[in-house]
Amino acid sequence: MEQDHFTTNSTFKRDLEPEDMLRVIFDYASKIANERLLDNVLMLMADMGREMIVSDRCTVWLLDTQKNELWSKVAHGLDEIRIPSTAGLVGYAVTNDQAVFIHDAYTNEEYKTYLQNGAIRTDQQTGYRTKALMVIPFRNSQGEIMGAYQAINKLTASEQFSDKDMEYLTLASSYAGKSLESALLTMEIEETQKEIIFRMGEIGESRSKETGNHVKRVAEYSYLLALELGMSPDEAELLKMASPMHDIGKVAIPDAVLNKPGKLTEDEFKLMQNHTLIGYNLLRNSTRHILKTAAVVAYEHHEKWNGRGYPRGIKGEEIHIYGRITAIADVFDALGSDRVYKKAWELDRILQLFQEERGEHFDPDVVDAFFKQLPAILRVREQYSDEALANPIETNT
C-alpha cells in the first residue's frame, strides 16, 4: 500500500510573505553567484525553488541532448536520476515547451499516461505519495530549452500549487537557466584544463616509454591517500589533477639516460635528478592553482622523510604533504611495473619495503594511510592495468 505523505504530516506551513521571499531570493542569489561547481549550483537551485514555493521536494533537471536524456544530480532524498528526455511529466514539459501544474497525480486525467510512467511509477518504487506537481522548463541565453524545475507536494493547508507559485518558480527558472549555463561553461573550461594537464603528464612518461596509465594510477592513488589523511574532497581532487605532472621535467632529460637499461652512473643519476628542478621551473610561475600544485609535486616527490632524497634533501614535514603523498603513490606504481632496468616486484615484497621505509623514505602517516586504503588501491591498479597495452615497459623513476 502506498504511503500517503500528508497523513503523516499534520503540521502545515504557510506561504512566504513578500519580505521573506526577497530574503530567500537574495540569500540564494549570493550563494549561487559564488559557487563554481555544477553539482553545488544544482543543489542550491533546488533548495531555492523549494523554499520559494513551500514544496516538499524540488528537482532541477538538465537536458542531455547527446544522450536524449534528462538527468538530475540533485533530487531531495534521492541520488542521481536519468530518464529518457520524453519520460514523465518533466519530459512532456520539456518536449512541448510547456509549463504544467496539477493538483493530484492520481486523479489527473489530462496527463495520466505521463504520470503513470513517471511520478506514480516512482512512488511505487519508493513508497512516497506524490500529490501536487509543477514543472517549468528553463532556457539558456540562446533561447534553447536546457532543463526544467520540478516541484512536488505543496506543504501548505491547500496542498495545491497556485498561479502565484507558478509565477515564483518561473522567476527561479529564468535565473536557473543563466546560472547553470555559466556553471556548465566553467565546468567545460576546467575539464579542458584537466585534459591538457593530463596529456602534458603523459608526454613526460611517453618519452621514457612509460604508459599513460602510469600517471592515471598515480593520480588515483594520490586521491585515495589524500582523503584517508583527512583532506577535503576538493583538495584531494586538486592533488589528483596535479599529480600526473610529477615527471614533466623528464622532457628535458636525454634519451640515453632516460631509457638506459642498466644502472646509471653517478653523473647520469645527477642528470636524472634534474627532472625535479626542471619540472618545478616549468610550472612554478603559473598563476593557475592546479599548475602551482603540480609545481610542488614535481619538485618534492623524490624527497625522503629522513632527508636523504633529492633535489634539496629536505626532511619530515619540511616536505609538502602533496610531495609526501605522490612519493609513495609513484614508488608503489614504479615497483609494481616492469621497467627497462628491472622486472615488476611482487606485492608482498613492495609491502614489506614500505613497512621498512616507514619513517625513513616515507612519512609514517602516509604509509599508514596507504595500508588502510590498500584494497581500493589494488582495485585501481587492476582497473588501469597496462596488460592490454602494446608496450607496457616503463623506465627510471
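These numbers come from the heavy atoms of this one structure, side chains and all, not from hydrogens, waters or symmetry mates.
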Visitor: Any ion pair linking Asp165 and Lys154 (charged N to carboxylate O, less than 4.0 Å)?
Guide: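 Salt bridge between Lys154 and Asp165, a charged N being under 4.0 Å from a carboxylate O: yes.
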Visitor: With sequence neighbours left out, what residues match Glu220 under salt bridge (Lys or Arg N to Asp or Glu O under 4.0 Å)?
Guide: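 Glu220 satisfies salt bridge (Lys or Arg N to Asp or Glu O under 4.0 Å) with Lys240 only.
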Visitor: Look at Asp56 together with Arg50 and state whether they make a salt bridge at an N to O cut-off of under 4.0 Å.
Guide: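 Answer for the salt bridge query: no.
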Visitor: With hydrophobic residues grouped by side-chain heavy-atom distances under 4.5 Å, do Trp345 and Ile377 end up in a single group?
Guide: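 Looking at the clustering, Ile377 is in the same group as Trp345.
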Visitor: When the aromatic ring centroids of Tyr114 and Tyr92 are compared, is their separation below 6.0 Å?
Guide: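 Yes; Tyr92 has its ring centre under 6.0 Å from that of Tyr114.
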Visitor: Where do Ile53 and Asp15 come nearest, in terms of heavy atoms and distance?
Guide: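 Minimum heavy-atom contact is O-OD1, 4.4 Å.
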Visitor: For Arg82, I'd like to know if atom CZ has over 12 heavy atoms of other residues, nucleotides or ligands within 6.0 Å.
Guide: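 For Arg82, atom CZ is crowded (more than 12 foreign heavy atoms under 6.0 Å).
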Visitor: Which residues satisfy the side chain to side chain contact (heavy atoms under 4.5 Å, CB included) test with Thr65, sequence neighbours excluded?
Guide: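 Thr65 satisfies side chain to side chain contact (heavy atoms under 4.5 Å, CB included) with Leu63 once adjacent residues are dropped.
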Visitor: Does Asp368 come within less than 4.0 Å of Lys372, counting only side-chain N to carboxylate O?
Guide: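 Salt bridge between Asp368 and Lys372, a charged N being under 4.0 Å from a carboxylate O: no.
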Visitor: Might you point out which heavy atoms bring Leu264 and Val257 nearest each other, and give the distance in Å?
Guide: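 Where Leu264 meets Val257 most closely, the heavy atoms are CD2-O, 3.7 Å.
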Visitor: Measure from the ring center of His275 to the ring center of His246 and say whether it is less than 6.0 Å.
Guide: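 Between His246 and His275, which both carry aromatic rings, the centre distance is not below 6.0 Å.
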Visitor: Under a 4.0 Å N-O cut-off, is there an ion pair linking Glu159 with Lys131?
Guide: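 A salt bridge is present here (some side-chain N lies under 4.0 Å from a carboxylate O).
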Visitor: Could I get the full list of salt bridge (Lys or Arg N to Asp or Glu O under 4.0 Å) partners for Glu268, not counting sequence neighbours?
Guide: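 Counting only residues at least two positions away or on another chain, Glu268 forms a salt bridge (Lys or Arg N to Asp or Glu O under 4.0 Å) with Lys260.
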Visitor: Distance under 6.0 Å and angle within 45° of the ring axis: does Arg57 meet both against Tyr128?
Guide: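 Yes; both conditions hold, so Arg57 lies above the ring face of Tyr128.
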Visitor: Any chance you could lay out the salt bridge (charged side-chain N to carboxylate O under 4.0 Å, His left out) test for Lys216 and Asp333, step after step, and finish with the verdict?
Guide: CA-CA 10 Å; Lys216 288 180 183 177; Asp333 197 67; over 6 Å; no
